[in-house]
Structures are given as structure tokens and as C-alpha cells.
Visitor: 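The following block contains the structure, expressed as C-alpha cells.
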Amino acid sequence: MSDPAIHLPMPAWLSEVLPPPEQLFETPESRMRLAIELAEHNIRHGSGGPFGAAVFDLDSGRLIAPGVNLVTSTCCSVAHAELVALMLAQKYVGSFSLADAGRNAELTSSTEPCAMCLGALPWAGLKQLACGARETDARAVGFDEGDKPPQWPGLLEKRGIRVLRDICRPQAVAVLQQYRRMGGEIYNGRAHK
């Protein structure tokens with residue numbers, strides 16, 4: 001191995017769809033619409049799975065970092081939209097903890113986190129998690145979401161991370177179903193077991 005560096009290239013289309021820096025996202029619905037839009041573009045451009053996420057500063061209402069699923073385009077099983085958004089946000093603020101960097105941050109995800117992404121949330125320095133589609137919606141199209149405790153929202157709440165669920169759920173579910181109809185690859189799905 002000659003170069004131990006890891007590079008996850010973001011899709012070229014991303015800069016074309018991101019809102020201007022001055023745009024404010026003051027409601028959970030406005031933030032979720034952006035995450036869903038990112039997921040839609042991701043499947044339309046074939047750059048990854050049907051998942052979008054973004055990290056927002058709740059005090060200012062501004063986007064800190066976007067994230068899209070890059071699993072298939074980068075051949076990297078951990079390149080989920082939530083983790084990509086968190087990595088970019090932490091790099092941007094210069095800290096592995098968004099809270100330590102003085103940010104009142106929310107991770108907005110078009111679908112509830114899988115077991116891997118759920119595990120990363122307590123260390124990210126988040127104050128809030130907002131989810132669109134449910135885990136059951138992702139499983140219904142074939143994705144394996146891993147083993148999560150049934151009471152995971154309460155466990156995050158105990159750690160000081162507020163959880164909002166079902167934000168724009170019908171629109172988020174529609175993206176998952178569109179991906180399936182288009183023949184999108186169901187990686188880590190039940191069929192692979």
C-alpha cells in the first residue's frame with residue numbers, strides 16, 4: 001500500500017444543488033427537505049444509495065455540511081450519508097466534537113440511522129437528530145439496518161441528543177421506493193445473507 005490516505009470524493013453535482021450560504025433553515029421541515037433533495041439527486045446521478053443528510057447550526061439556522069451516501073461510488077461500506085455529513089462538518093469547524101466547537105448542531109437524515117451511524121452519534125457532539133423515513137421503511141425496500149436497540153431514541157435522549165422522527169416521512173419514503181423501482185443496488189441487503 002503506497003498511500004494510506006483516505007479520500008472520499010464528493011459528487012460533482014453537489015456544488016450545483018447546495019443552497020447559498022446565507023440561506024436559513026429555521027424549521028425541521030426545511031432542513032429535512034434539503035436532506036431529501038440530496039438523496040433524490042444522489043440516486044438521479046447514480047452516485048450512491050438513496051440517503052441524504054446534513055448538519056445544521058440550530059442557533060443560526062445555517063447549513064454546516066451536506067452528506068450523501070457514497071457507498072457504491074467509493075466502494076466504502078462506511079460512507080453513509082450521516083457519517084459523510086458529520087465528517088465534513090467536523091472538518092469545517094475544526095473539531096471532532098461539534099459541541100466543543102460551540103455549535104448547537106442537528107444532524108438531519110432522510111432515513112433513521114442504521115446501527116453503524118447510530119453508534120457514531122453520541123461522540124459527534126450533536127444536540128439534535130431529525131429523521132425522515134423510519135428504519136422499517138428502509139428494510140421494506142431491502143436494506144439491512146443492523147441490530148439496534150428498540151429504545152434507541154430514548155438512549156440518545158439520555159445522552160442529551162433530542163430525537164425528532166417522521167419529519168416529511170412520506171417524501172423520504174418515496175425516495176427509497178423510487179430507488180428500488182429504478183433498480184438501485186441494495187447493498188448490505190437481506191438478499192446478500
Side-chain angles (χ1 to χ4, degrees), residues 6-11 13-14 17-18 31-32 34-56 63-92 96 98 105-126 128-149 152-153 155-156 161 163-165 167-169 172-173 175-180 184-193:
I6 296 172
H7 179 68
L8 293 176
M10 297 303 289
W13 58 261
L14 187 61
V17 301
L18 286 178
R31 295 187 292 273
M32 185 59 68
L34 178 61
I36 292 169
E37 181 182 356
L38 293 172
E40 289 172 331
H41 279 281
N42 208 37
I43 64 175
R44 189 176 312 132
H45 292 278
S47 44
F51 305 100
V55 176
F56 295 92
L63 173 68
I64 298 174
V68 293
N69 182 285
L70 302 172
V71 170
T72 57
S73 62
T74 63
C75 298
C76 181
S77 64
V78 299
H80 287 203
E82 298 94 332
L83 297 182
V84 170
L86 288 171
M87 287 187 284
L88 288 173
Q90 291 165 344
K91 187 72 170 169
Y92 176 76
F96 58 83
L98 297 166
E106 173 187 271
L107 173 65
T108 302
S109 179
S110 64
T111 302
E112 290 179 342
C114 70
M116 177 180 64
C117 294
L118 177 64
L121 299 181
W123 295 281
L126 295 170
Q128 189 160 281
L129 169 67
C131 308
R134 291 262 179 140
E135 170 186 348
T136 53
D137 302 321
R139 288 185 189 278
V141 298
F143 285 99
D144 180 352
E145 296 297 282
D147 299 322
K148 296 181 349 190
W152 67 267
L155 296 174
L156 287 180
I161 303 171
V163 178
L164 307 176
R165 298 171 87 182
I167 308 298
C168 304
R169 184 178 180 190
V173 170
V175 173
L176 295 171
Q177 293 171 342
Q178 176 186 1
Y179 182 75
R180 182 65 172 188
E185 183 177 356
I186 306 295
Y187 51 88
N188 298 336
R190 292 186 302 258
H192 296 203
K193 291 184 178 179

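The model shown is predicted, which means the values in this text are computed figures rather than measured ones.
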Visitor: Compare every heavy atom of Leu88 with every heavy atom of Ala65, then report the nearest pair and how far apart it is.
Guide: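 For Ala65 versus Leu88, the nearest heavy atoms are CB-CB, 3.7 Å.
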Visitor: Can you find a pair of side-chain heavy atoms, one from Pro11 and one from His45, that are under 4.5 Å apart?
Guide: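 A side-chain contact under 4.5 Å is absent here.
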Visitor: Using atom types as modelled and distance alone, determine if a side-chain donor or acceptor of Glu112 lies under 3.5 Å from a backbone N or O of Arg134.
Guide: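 A pair under 3.5 Å: no.
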Visitor: Taking all atoms of both residues into account, what is the closest heavy-atom pair of Gly48 and Thr72, and its distance?
Guide: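 Smallest interatomic distance, heavy atoms only, reads CA-OG1, 3.4 Å.
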Visitor: For the residue pair Phe143 and Phe51, categorise the inter-ring angle as parallel (less than 30°), tilted (30 to 60°) or perpendicular (more than 60°).
Guide: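 Rings of Phe143 and Phe51: perpendicular, as their planes differ by over 60°.
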Visitor: Set out, in order, the CA-CA distance, both residues' side-chain angles and the distance that settles side-chain contact (heavy atoms from CB on, under 4.5 Å) for His41 and Glu37, then state yes or no.
Guide: CA-CA 6 Å; His41 279 281; Glu37 181 182 356; 3.6 Å; yes
Visitor: Does the pair Leu121 and Leu86 meet the rule for a side-chain contact (heavy atoms from CB on, under 4.5 Å), with working shown?
Guide: CA-CA 9 Å; Leu121 299 181; Leu86 288 171; 4.1 Å; yes
Visitor: Decide yes or no for Glu82 and Leu129: does some side-chain heavy atom of the first lie under 4.5 Å from some side-chain heavy atom of the second?
Guide: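 No, side chains not in contact.
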Visitor: Nearest 0.5 Å, please: how far is CD1 in Ile64 from CD in Glu106?
Guide: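 If I round to the nearest 0.5 Å, the distance is 10.0 Å.
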Visitor: Apply the side chain to side chain contact (heavy atoms under 4.5 Å, CB included) test between Val175 and each candidate in Asn42, Ile43, Asp137; give the one that qualifies.
Guide: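 Single side chain to side chain contact (heavy atoms under 4.5 Å, CB included) partner of Val175 among Asn42, Ile43, Asp137: Ile43.
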Visitor: Report yes if some heavy atom in the side chain of Leu98 is under 4.5 Å from a heavy atom in the side chain of Leu126; otherwise report no.
Guide: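 Answer yes - side chains close enough.
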Visitor: What's the separation between atom CD1 in Ile186 and atom CG in Asp144, rounded to the nearest 0.5 Å?
Guide: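 Result: 11.5 Å between the selected atoms.
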Visitor: Between Leu38 and Gly67, which heavy-atom pair has the shortest distance, and what is it?
Guide: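 Heavy-atom minimum between the residues: CD1-O, 4.0 Å.
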Visitor: When you compare the side chain of Met10 with that of Val68, does any pair of heavy atoms fall below 4.5 Å?
Guide: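 They are in contact (side-chain heavy atoms under 4.5 Å apart), so the answer is yes.
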Visitor: Is any side-chain heavy atom of Met116 closer than 4.5 Å to one of Leu83?
Guide: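 Sidechains of Met116 and Leu83: in contact.
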Visitor: Would you say the side chain of Arg44 lies within less than 4.5 Å of the side chain of Trp13, judging by non-hydrogen atoms?
Guide: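 No, too far: nothing below the 4.5 Å cut-off.
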Visitor: Taking all atoms of both residues into account, what is the closest heavy-atom pair of Cys114 and Lys148, and its distance?
Guide: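 That would be C-CD, 3.7 Å.
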Visitor: SG/Cys76 to NE2/His7 distance, rounded to the nearest 0.5 angstrom?
Guide: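 Between atom SG of Cys76 and atom NE2 of His7 there are 12.5 Å.
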Visitor: Evaluate the side-chain proximity of Thr108 to Leu164: yes if any heavy-atom separation is below 4.5 Å, no if none is.
Guide: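 The answer is no; the side chains never approach within 4.5 Å.
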Visitor: Could you tell me if the side chain of Leu118 sits less than 4.5 Å from the side chain of Leu156, heavy atoms only?
Guide: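 In short, these two side chains touch, coming nearer than 4.5 Å.
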Visitor: Over all heavy atoms of both residues, which pair between Ala172 and Ser110 is shortest? Give the atoms and the distance, please.
Guide: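 So the minimum-distance heavy-atom pair works out to CB-O, 3.2 Å.
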Visitor: Restricting to non-hydrogen atoms, name the atom on Pro9 and the atom on Leu70 that form the minimum distance, rounded to 0.1 Å.
Guide: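 Where Pro9 meets Leu70 most closely, the heavy atoms are O-CD1, 3.8 Å.
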